[in-house]
> 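I'd like to ask some things about the structure below.
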Amino acid sequence: MSELPKAYEPQEVEKKWYSSWLENQCFHADESSEKEGYSIVIPPPNVTGILHLGHVLNNTIQDILARRARQQGKEVLWLPGTDHAGIATQTKVEKQLREEEGKTRRDLGREEFLNRVWDWKDKHGGIIIKQLKRLGCSCDWERERFTMDADYSAQVSDVFAKLFNDGLIYRGKRMVNWCPVSLTALSDEEVISKPRQSKLYFMKYELVDTPGEYLEISTTRPETLMGDVAVAVNPKDERYQKLVGRRVRRPFPAAEIPIIADDHVDVEFGTGALKITPAHDKADFEIGVRHDLEIIDVLHADGTVNCPDCPDLDGLDRFVARKKAAAKLEELGLLIKVEEYENNVGYSERADVPIEPRISMQWFLKYPSTEKTAVAVADGGIQYRPARWAKTHANWMENIQDWCISRQLWWGHQIPVWYRKEKAAELLAAESLDVADMQAGDIYVGAEPPSDLANWVRDEDVMDTWFSSWLWPFATMSEAEQKKFYPTTDLVTGPDIIFFWVARMIMAGFSFKSEIPFKNVFFTSIIRDIQGRKMSKSLGNSPDPIDLMDEYGADGLRFGLLRTAPVGADVRFDEALVAEGRNFANKLYNACRFRQMAGSPALDGQVPLLEVERLRPYHADIVHKIGSLAVNLEKSYADYRFNDVGQQLYDFLWSEFCDKFLEAVKGDLRDSATAEARDVTLAVFDAVMSRYLQLLHPYMPHITEELSSRMGYVKSGEFLMEKPLPSEVLIEIDSHLTNQADSIYATAGRMRNLKAEYNVAARKDVKFIMIKSPVWLAQESDVLGLLAGGEILIQDSYEAPKGTPAAVTDVGEVYLPLEGLVDIEAEKSRLDKEITKVEIEVRKCDGKLGNSAFVDKAPVELVEREKARREEWSQKLVQLQEMREAL
RNA sequence: GCGCGAUUAGCUCAGUGGUAGAGCAAUGCCUUGACAUGGCAGAGGUCACAAGUUCAAAUCUUGUAUUGCGCACCA
């Protein structure tokens with residue numbers, strides 16, 4: 001055996017095993033397998049994306065599930081891929097184009113620009129995939145999909161055509177969320193409202209028929225004043241009732257506009273009079289429809305003012321124009337006051353600028369299968385975990401509006417609609433397009449272009465990225481694959497995309513596969529920094545997982561993050577967690593290294609069977625505990641309690657295996673030990689460790705594979721990751737042995753306490769004297785001494801001098817003769833403190849036992865336990881008092 | 001305004017009715033043949049507050065406070 005380094009060095013090991021798994025196709029899913037199928041589709045990261053901690057958490061959980069399912073003998077498909085991410089990707093390439101060539105996408109033209117995006121994708125698109133591999137993800141990489149693969153795209157178009165033919169997709173001029181930077185419409189879900197400090201402008205419009213009289217109006221958006229077509233008041237508002245039906249003067253461009261009454265107006269807000277700009281506000285638009293008002297659009301698509309009648313405002317950016325318009329009002333003497341005001345402003349999720357409500361011609365979808373989707377989640381046909389997210393899902397389902405699916409972008413799935421050339425202009429301008437128009441033969445909808453393509457013009461828009469993502473669970477699979485792996489088993493994703501993705505996938509599953517797309521949805525935590533802030537690039541509080549893996553290893557990162565990731569709440573990330581993961585890997589490595597120092601086993605996958613009659617208590621105890629561990633892990637997995645699983649794995653190795661078992665059997669591995677003792681201990685070590693590595697494998701795949709191989713727990717040429725998890729326990733254990741072990745560990749603890757209390761920890765010549773011990777203890781006194789750090793003398797004839805520090809244990813009374821080693825004064829005050837504490841405990845017990853209600857109604861065993869406890873404490877009290885007197 | 005969470009040790013969090021737990025940080029001791037990325041020990045909690053149910057409440061109920069998230073409103 002070669003000299004092993006003292007600390008585990010993960011980098012080379014992780015690389016080695018990952019390539020080895022790939023070479024041997026360990027991640028390959030066979031759709032013709034006889035085994036039970038298990039499948040997960042990855043939430044496809046943006047093709048432009050780079051790995052962040054959210055991905056690490058999410059994909060580690062998926063990897064754990066996948067690896068665990070393989071160990072359970074299932075045929076596992078973890079299907080990976082990436083999303084074309086329309087806006088994000090296009091923006092990135094446009095930026096590069098602007099910076100490097102000073103060109104816009106229009107300078108290149110659609111076709112050339114798309115070529116550039118594909119080039120970019122080929123060059124930079126694989127980064128996150130490489131990073132996932134680095135993390136150890138066991139995806140079937142041969143099946144990697146992209147949402148713009150040809151066959152995938154064809155399915156997106158098919159679905160569009162189907163929904164169009166069913167009358168669920170329509171085109172129309174509606175108020176949409178417009179992003180003035182990306183120059184496209186957005187869905188409601190892509191708008192994030194943020195509280196913003198803004199100003200509320202109070203101004204006055206002169207009444208036409210009574211010059212010199214004014215109506216006061218408040219607004220946050222004076223720059224849209226040119227689009228005002230009315231002023232509305234609440235019909236119940238007594239102040240204004242007599243004004244309804246009269247007219248006021250809009251100052252610029254000058255016009256007379258009516259005062260109307262509408263219930264929407266809040267009497268309490270501002271002056272109670274609302275200027276109506278149907279082109280630039282959703283509510284105003286609706287009021288406009290109700291009152292048949294004109295729509296005057298005074299903004300260009302990019303958010304600059306479009307009002308040639310006001311040359312001083314025309315062409316200005318909307319925020320510049322806001323100040324300018326206010327200044328103009330002031331000049332005209334129409335501005336009354338300006339108040340500071342906090343309101344919510346809708347922001348574009350991608351571009352992070354305020355969106356502009358804008359009327360434009362777009363494609364919309366009436367959501368299909370909404371009823372089934374709501375029921376599936378509410379009734380648990382699809383299990384949301386944690387379950388409370390089902391309510392969020394339900395809320396959204398209750399008030400969904402039609403989905404604006406068209407985007408004014410180039411990168412994406414182009415709308416599969418063609419217009420007959422000579423009619424195109426007319427059709428494109430039409431207020432709506434429905435099935436009837438299509439039947440007229442002027443419009444064609446389908447996945448394949450029309451055969452006489454030259455006569456047709458294609459709709460220029462592309463679809464919302466999520467319109468392709470919602471097909472992901474089945475559009476990524478062939479017929480045969482779907483037969484084996486659809487519906488998928490688990491979906492792991494963030495609760496922030498319940499609306500964007502999860503709910504829509506369920507609708508798509510029902511609509512196009514007549515089935516749910518997945519059985520369970522596990523929602524991960526959101527990762528925040530230690531101060532509770534969201535991770536973001538601009539805050540610089542988002543550590544690069546690759547750096548963390550360089551420093552702590554992928555296994556360390558995985559374990560550290562998973563062990564503390566709470567099920568329901570957010571994770572507060574701290575690098576110290578990852579360091580703990582690394583330390584844990586090191587602890588495991590060193591435990592095995594210790595074993596190897598006693599000789600490398602030549603097992604080649606054959607871990608020796610254990611013979612129960614040869615086991616000493618410590619052996620039996622750890623064998624018993626690995627059995628319990630397996631059972632308890634099963635329970636935690638069943639509830640998707642990944643932090644629990646991690647914690648149990650951690651505690652077993654550290655507290656049980658290393659701190660107790662290894663310390664207890666250390667003597668067996670010394671040169672002075674008998675061959676018998678050594679053999680049993682090594683056999684137990686191997687039996688327990690080989691099983692443990694298997695249990696830990698889903699969390700720390702690399703190191704467990706490495707150690708299993710190095711220790712010979714897996715036959716050479718085979719892999720731990722492919723080894724089925726046995727259901728049987730290693731060996732049936734008689735509880736009297738584990739009880740003995742418990743007693744000895746507890747007793748050793750009491751002895752160490754005594755030593756520490758009397759400050760003799762540093763002395764190596766400590767002697768403990770025991771009386772009233774059971775016979776079997778004599779055999780174990782060497783181990784007890786080892787654990788306690790002192791010599792154990794069993795002397796039933798011993799009569800302790802009054803005041804000798806003592807402890808009552810399961811296995812007799814322990815005395816620690818001090819022989820005048822301690823500082824008398826310090827000892828006195830320590831004892832006094834101790835006595836006070838114990839007196840309190842005794843009184844607590846007395847209080848309970850003196851309570852007749854407790855004694856009468858509590859279960860008998862509870863009362864008995866309380867009595868025993870009182871007895872224990874009062875004995876301790878007497879002992880302490882004696883010690884105090886003896887000093 | 002509606003909904004969903006959270007509040008336990010200095011910090012991050014476990015803990016679903018029966019003696020308050022872990023890791024980290026801080027303290028003391030230990031470089032003992034696996035590991036200082038380590039070992040042992042001690043200290044540190046009116047479990048946010050109030051009322052209720054119960055023999056018994058961190059845990060169940062109700063209310064309050066603080067705080068986070070989502071939805072709606074947002075002139």
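Given the structure is predicted, the values throughout are model-derived calculations rather than measurements. Quick note on labels: first sequence line is chain A, next is B, and so on, each numbered from 1.
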> Between rA14(B) atom C1' and D651(A) atom CG, what is the distance in whole Å?
10 Å
> Is the distance from the ring center of Y650(A) to that of F584(A) below 6.0 Å?
yes
> side-chain contact (heavy atoms from CB on, under 4.5 Å) for F523(A) and T493(A)? Distances and angles first, verdict last.
CA-CA 5 Å; F523(A) 292 106; T493(A) 191; 3.9 Å; yes
> State whether K275(A) places a side-chain N or O below 4.0 Å from either non-bridging phosphate oxygen (OP1 or OP2) of rA75(B).
no
> Between rC35(B), rA75(B), rG15(B), which nucleotide has the shortest distance from any of its atoms to the side chain of D266(A)?
rA75(B)
> Any side-chain N or O of R388(A) under 4.0 Å from OP1/OP2 of rC4(B)?
no
> Under 4.0 Å between a side-chain N or O of K755(A) and OP1 or OP2 of rG28(B)?
no
> Hey, is the main chain of R221(A) close enough, under 3.5 Å, to the side chain of T224(A) for a donor-acceptor pair?
yes
> Which is true for V855(A) with a 4.0 Å heavy-atom rule: it touches a base, it touches only sugar-phosphate, or it touches nothing?
nothing
> Looking at rA56(B), I'd like to know if its phosphate oxygens (OP1 or OP2) sit under 4.0 Å from a side-chain N or O belonging to K857(A).
no
> What nucleic acid atoms does F685(A) come within less than 4.0 Å of, heavy atoms only: base, sugar-phosphate, or nothing?
nothing
> Going by purine N1 to pyrimidine N3 plus the second Watson-Crick contact, or the G-U wobble pair, all under 3.5 Å, which nucleotide sits opposite rU7(B)?
rA65(B)
> Between K6(A) and rC35(B), does any side-chain N or O lie under 4.0 Å from OP1 or OP2?
yes
> Between rC71(B) and rG38(B), how many Å separate the two P atoms, rounded to a whole number?
44 Å
> Check whether any side-chain nitrogen or oxygen of K587(A) sits under 4.0 Å from OP1 or OP2 of rG39(B), and answer yes or no.
yes
> Using a 4.0 Å heavy-atom cut-off, does D496(A) contact any base of the nucleic acid, only the sugar-phosphate backbone, or nothing at all?
nothing
> For D856(A) and rC55(B), give me the distance from atom CG to atom P, rounded to whole Å.
11 Å
> Please name the nucleotide paired to rC55(B) by Watson-Crick or G-U wobble geometry with both distances under 3.5 Å, or report none.
rG18(B)
> Would you indicate which nucleotide in rG18(B), rG39(B), rA34(B) comes nearest to any side-chain atom of R593(A)?
rA34(B)
> Tell me what C658(A) touches on the nucleic acid: a base, only sugar-phosphate, or nothing, going by heavy atoms under 4.0 Å.
base
> So does N395(A) get a side-chain nitrogen or oxygen closer than 4.0 Å to the phosphate oxygens (OP1/OP2) of rG70(B)?
no
> Do N590(A) and R593(A) have side-chain heavy atoms sitting under 4.5 Å apart?
yes
> Donor-acceptor check, side chain of K755(A) to backbone of A788(A), threshold 3.5 angstrom: yes or no?
yes
> Any side-chain N or O of N590(A) under 4.0 Å from OP1/OP2 of rG38(B)?
no
> Closer than 4.0 Å, any side-chain N/O of R865(A) to the OP1 or OP2 of rU19(B)?
yes
> Go ahead and name the base partner of rC47(B); Watson-Crick or wobble counts if both distances stay under 3.5 Å, otherwise write none.
none
> If only side-chain N and O atoms of H264(A) are considered, is one of them under 4.0 Å from the OP1 or OP2 phosphate oxygen of rC74(B)?
yes
> Give one of base, sugar-phosphate or nothing for R870(A), where a contact means two heavy atoms less than 4.0 Å apart.
nothing
> Quick one: is rU12(B) close enough that its OP1 or OP2 comes under 4.0 Å of any side-chain N or O from R572(A)?
yes
> Answer whether the closest heavy-atom distance between the side chains of I257(A) and D228(A) falls below 4.5 Å.
yes
> Please tell me if W654(A) has a side-chain N or O lying less than 4.0 Å from either OP1 or OP2 of rG39(B).
yes
> Strictly by Watson-Crick or wobble contacts shorter than 3.5 Å, is anything paired with rG28(B), and which nucleotide is it?
rC40(B)
